[in-house]
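If you're wondering where the values come from, they're calculated on a predicted model, not measured in any experiment.
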Amino acid sequence: MKKEEFLTYLKRQRKLSDYTIRSYGIDLTQFEQELKRLNDGNEFEGEPDAKLIRIWLMDLADGNISNRSINRKISALRTYFHYIEKL
């Protein structure tokens, strides 16, 4: 993942708040950890598909995560993938 470059982009180009940038960074780290867990503890190669994203979101919904937080995580992923497409 190009997470650090993405977070810099959010700060310099999109001018998002520090709180939002920090939250998006945490969301992406959690998503990376989930991909690793689903890949038997190994780094995930390639791009995750919609099925993996749905699994992660379903796991979050089954946990003690609010809908508001889940929606922010979706926004973080959506923004990140739009950023990657532009590269």
Side-chain angles (χ1 to χ4, degrees):
M1 278 188 132
K2 299 176 187 274
K3 184 172 62 178
E4 294 306 319
E5 296 166 11
F6 171 65
L7 297 176
T8 300
Y9 160 79
L10 294 178
K11 184 173 186 72
R12 293 184 180 162
Q13 301 295 321
R14 299 277 308 269
K15 309 240 187 271
L16 297 181
S17 74
D18 290 339
Y19 177 80
T20 300
I21 294 168
R22 185 174 42 254
S23 296
Y24 276 26
I26 291 168
D27 296 338
L28 291 174
T29 297
Q30 290 172 346
F31 183 62
E32 285 177 313
Q33 292 169 345
E34 178 68 4
L35 290 177
K36 190 173 185 178
R37 184 187 71 79
L38 292 171
N39 200 30
D40 297 322
N42 299 311
E43 293 296 324
F44 186 82
E45 299 292 327
E47 293 296 322
D49 60 10
K51 180 180 177 183
L52 289 175
I53 294 169
R54 275 194 297 271
I55 289 170
W56 180 55
L57 294 173
M58 288 172 40
D59 286 347
L60 291 172
D62 289 342
N64 223 3
I65 307 294
S66 71
N67 287 339
R68 186 175 182 179
S69 293
I70 291 172
N71 286 334
R72 191 200 60 236
K73 291 173 190 307
I74 292 169
S75 178
L77 284 179
R78 183 180 297 124
T79 305
Y80 176 74
F81 287 123
H82 284 296
Y83 168 78
I84 293 299
E85 286 177 357
K86 291 180 182 181
L87 295 182

Exercise. Tyr9 and Lys86: which non-hydrogen atoms are nearest, and at how many Å?
Worked result: OH-NZ, 4.0 Å
For this session: State, to 0.1 Å, how close Lys2 and Tyr83 come at their nearest heavy-atom pair, and which atoms those are.
Result: O-CE2, 4.5 Å
Exercise. What pairs with Thr8 under side-chain contact (heavy atoms from CB on, under 4.5 Å), at least two apart in sequence or on another chain?
Worked result: Arg12
For this session: For the pair Leu10 and Thr79, evaluate side chain to side chain contact (heavy atoms under 4.5 Å, CB included) and give the outcome as yes or no after the intermediate values.
Result: CA-CA 9 Å; Leu10 294 178; Thr79 305; 4.0 Å; yes
Exercise. Taking C-beta and beyond as the side chain, do Leu16 and Lys11 meet within less than 4.5 Å on heavy atoms?
Worked result: no
For this session: Can you see which heavy atom on Lys3 is nearest to which on Gly25, and at what distance?
Result: CD-O, 3.9 Å
For this session: Would you tell me whether Thr20 and Ser17 have side-chain atoms, one donor and one acceptor, within less than 3.5 Å of each other?
Result: yes
Exercise. Any donor-acceptor pair under 3.5 Å linking the side chain of Ser69 with the backbone of Ile65?
Worked result: no
For this session: Say whether Ile26 and Tyr24 are linked into one hydrophobic cluster, either directly or through other cluster members, by side-chain heavy-atom distances under 4.5 angstrom.
Result: no
For this session: List the atom of Ala76, the atom of Leu28, and the distance in Å for their closest heavy-atom pair.
Result: O-CD2, 4.4 Å
Exercise. Under 4.5 Å between side-chain heavy atoms, hopping through other hydrophobics if needed: is there a path connecting Phe81 to Leu57?
Worked result: yes
For this session: Scan residues 44-55 for pairs that pass side-chain hydrogen bond (donor to acceptor under 3.5 Å, both in side chains), counting only residues two or more places apart or in two chains.
Result: none
Problem set entry | Minimal non-hydrogen separation, Ile21 against Leu7, with atom names | O-CD2, 3.6 Å
Exercise. Does Ile84 reach the side chain of Phe6, with side-chain heavy atoms less than 4.5 Å apart?
Worked result: no
For this session: Compare all side-chain heavy atoms of Arg68 with those of Asn71 and state whether any distance is below 4.5 angstrom.
Result: no
For this session: Answer yes if Tyr80 and Tyr19 sit in the same cluster of Ile, Leu, Val, Met, Phe, Trp and Tyr residues linked by side chain heavy atoms under 4.5 Å apart, and no otherwise.
Result: no
Problem set entry | Cluster overlap Ile70 with Met58, hydrophobic side-chain contacts below 4.5 Å | no
Exercise. Mind checking whether Arg72 and Asp27 have side chains closer than 4.5 Å, heavy atoms only?
Worked result: yes
Exercise. Taking side chain as C-beta onward, heavy atoms only, is Pro48 less than 4.5 Å from Phe31?
Worked result: yes
For this session: Mind checking side-chain contact (heavy atoms from CB on, under 4.5 Å) for Leu38 and listing every partner two or more places apart, or none if nothing turns up?
Result: Glu34, Leu52, Ile55
